[in-house]
Amino acid sequence: MARLARLLYLLGLLLAFGWRTLAQWRRTGDTGLRLDAGPPGTLRWWAELLFVAALVLGLAGPAAALAGLPPLPGLDHRPLHLAGFVVTVAGIGATLAAQLAMGASWRIGVDPSERTELVTGGAFYRRYARRVGRFLPGLGRLAG
């Protein structure tokens with residue numbers, strides 16, 4: 001199971017940072033990755049540090065299992081499992097709320113932008129908006 005967890009984690013990293021970066025670079029000539037963390041102690045610096053820590057810690061569990069490290073002796077894991085379950089359920093709720101807020105903000109932001117495009121782009125923009133989606137390909141096309 002630890003091998004499968006590690007492989008899935010690495011596949012996720014490869015897709016997120018390999019394939020998407022390559023696709024971005026081929027389309028725009030720029031990877032979009034900005035690795036400058038800024039001066040130590042700034043918000044950008046902390047964000048970069050926590051991001052790297054999350055990547056490393058994501059591999060720690062499967063790596064420990066593959067190395068054959070035993071669980072901590074005498075530790076009752078049930079409270080940890082319960083805490084993990086509570087955090088997961090709370091995280092799902094928070095994620096759902098965040099997704100709804102993001103969707104609303106996109107919708108609110110698209111309307112004024114689209115009105116501007118309709119005025120400045122005219123018939124060209126109308127043809128384009130009927131063909132492509134606002135948020136995802138084919139989703140949110142301009143009505144005909």
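Sequential numbering from 1 along the given sequence is applied to the chain's residues.
- A heavy-atom distance below 4.5 Å is not found between the side chains of L11 and L7.
- Rounded to the nearest 0.5 Å, atoms CG (L10) and CG (L15) are 11.0 Å apart.
- In this structure, L14 CG and R20 CZ are separated by 13.0 Å, a value rounded to the nearest 0.5 Å.
- Within a 6.0 Å radius of CH2 in W45, other residues, nucleotides and ligands contribute more than 12 heavy atoms.
- Of the possible polar contacts, none joining the T28 side chain to the W25 backbone as a donor-acceptor pair under 3.5 Å is found.
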Can you give me every donor-acceptor pair (side chain of residues 118-129, partner residue at least two apart or in another chain, under 3.5 Å) with its distance?
unit_1	atom_1	unit_2	atom_2	d
T120	OG1	T116	O	2.9
R126	NH1	G122	O	3.4

